[in-house]
Amino acid sequence: MRLGMRRKHSVWRFIMPALCLFFVIGVHKLLKRAEPVFYAECSNYSNTSFTELVNRCVLDELKSHSFSGFFKTTEDSSGKITSIEAETGEINKVRSELMIDVQNALNDDYPAYVKIPLGSLTKYSLLSYMGPKLKIKIIPISVVNSEFEEAFEAAGINQVRHKLYLKLTVDMRYRGYLMDEKERIETTIPLAETVIAGEVPKYYGNSGYGIYE
């Protein structure tokens with residue numbers, strides 16, 4: 001009887017480690033396959049949150065500054081705009097203040113955590129919010145950078161709209177379980193625009209040429 005009990009115990013000594021090993025390997029493979037889902041969820045959270053954060057800082061900046069004075073136009077005797085000059089000092093001042101505000105807001109809001117239910121790994125929408133939640137940590141790993149972008153676009157008959165944008169970027173890191181990924185998050189906000197009006201045709205023919213006053 002004792003011999004039989006010893007054999008059972010010796011068998012379980014091998015079975016239990018093997019089951020634990022298979023369990024660990026299975027969990028490892030599951031989490032590795034889940035990395036694209038985790039990354040997509042973290043990326044969506046980071047892009048949305050960063051855009052909201054920047055917009056909040058812009059609204060706060062508008063309370064003390066007006067972005068309408070970024071450009072100075074010169075006109076000829078007939079009132080037509082002949083040139084547009086950027087007020088570089090004012091633009092750089094607002095840019096610096098915005099970057100400081102965004103950086104301070106990032107320091108206050110991060111690190112952040114995204115909780116992703118295991119049900120989201122399935123292809124069924126009903127199960128996407130079910131199951132235990134895995135927590136992923138999101139950390140800014142760079143300072144906020146910015147650069148200006150300009151665009152010219154049509155704004156009616158013989159009118160051109162000049163727009164000035166500010167693009168802000170920051171690098172984020174996503175950490176959780178077996179995942180350690182980085183992504184550059186960016187958002188672009190319009191700062192100012194100016195409409196440049198030219199001569200307006202008095203008559204348009206089918207040929208596409210106009211007669212001007």
Next item on the list: Could you please spell out the steps behind the side-chain contact (heavy atoms from CB on, under 4.5 Å) verdict for Phe148 and Leu166?
Entry: CA-CA 5 Å; Phe148 288 110; Leu166 182 64; 3.7 Å; yes

Only residue of Lys133, Glu41, Lys135 satisfying side-chain contact (heavy atoms from CB on, under 4.5 Å) with Ile116 is Glu41

Contacts of Tyr110 meeting ring-ring contact (aromatic ring centres under 6.0 Å, His included) (sequence neighbours excluded), chain-then-number -> none

Output field: ring centroids Phe38/Tyr174 closer than 6.0 Å: no

To the nearest 0.5 Å, atom OG of Ser49 lies from atom CZ of Arg56 at 9.5 Å

Hits for salt bridge (charged side-chain N to carboxylate O under 4.0 Å, His left out) against Glu149, two or more places apart or cross-chain, chain-then-number order -> Lys167

With a cut-off of 3.5 Å and sequence neighbours excluded, list every side-chain donor-acceptor pair involving residues 136-146.
{"from": "Ser142", "atom 1": "OG", "to": "Asp171", "atom 2": "N", "distance (Å)": "2.9"}
{"from": "Ser146", "atom 1": "OG", "to": "Arg95", "atom 2": "NE", "distance (Å)": "2.9"}

Subject >> Hphob cluster co-occupancy, Phe50 + Tyr165, side-chain heavy atoms under 4.5 angstrom >> reply: no

When rounded to the nearest 0.5 Å, the distance separating CZ of Arg173 from CD of Glu181 is 9.5 Å

*asked:* Before you tell me yes or no, could you show the steps for Met179 and Cys42 under side-chain contact (heavy atoms from CB on, under 4.5 Å), namely the whole-Å CA-CA distance, both residues' side-chain angles and the distance that decides it to 0.1 Å?
replied: CA-CA 11 Å; Met179 187 174 73; Cys42 292; 4.2 Å; yes

Report the C-alpha distance between Asn47 and Ser43 in whole Å, list the side-chain angles of each, state the deciding distance to 0.1 Å, and finish with yes or no for side chain to side chain donor-acceptor pair (under 3.5 Å). CA-CA 6 Å; Asn47 280 280; Ser43 179; 3.3 Å; yes

Separation between SG (Cys57) and CD (Gln103), nearest 0.5 Å, reads 10.5 Å

In this structure, OG1 of Thr51 is separated from CD of Glu186 (nearest 0.5 Å) by 9.5 Å

Rounded to the nearest 0.5 Å, the CG atom of Leu191 sits from the CD1 atom of Ile91 at a distance of 8.0 Å

Salt bridge (charged side-chain N to carboxylate O under 4.0 Å, His left out) filter on Glu153, not counting sequence neighbours, yields Arg161, Lys163

For Asp108, the salt bridge (charged side-chain N to carboxylate O under 4.0 Å, His left out) test, sequence neighbours excluded, returns none

Could you please spell out the steps behind the side-chain contact (heavy atoms from CB on, under 4.5 Å) verdict for Thr187 and Leu53?
CA-CA 10 Å; Thr187 185; Leu53 184 147; over 6 Å; no

Sorted by chain and residue number, the salt bridge (charged side-chain N to carboxylate O under 4.0 Å, His left out) partners of Glu90 (sequence neighbours excluded) come out as none

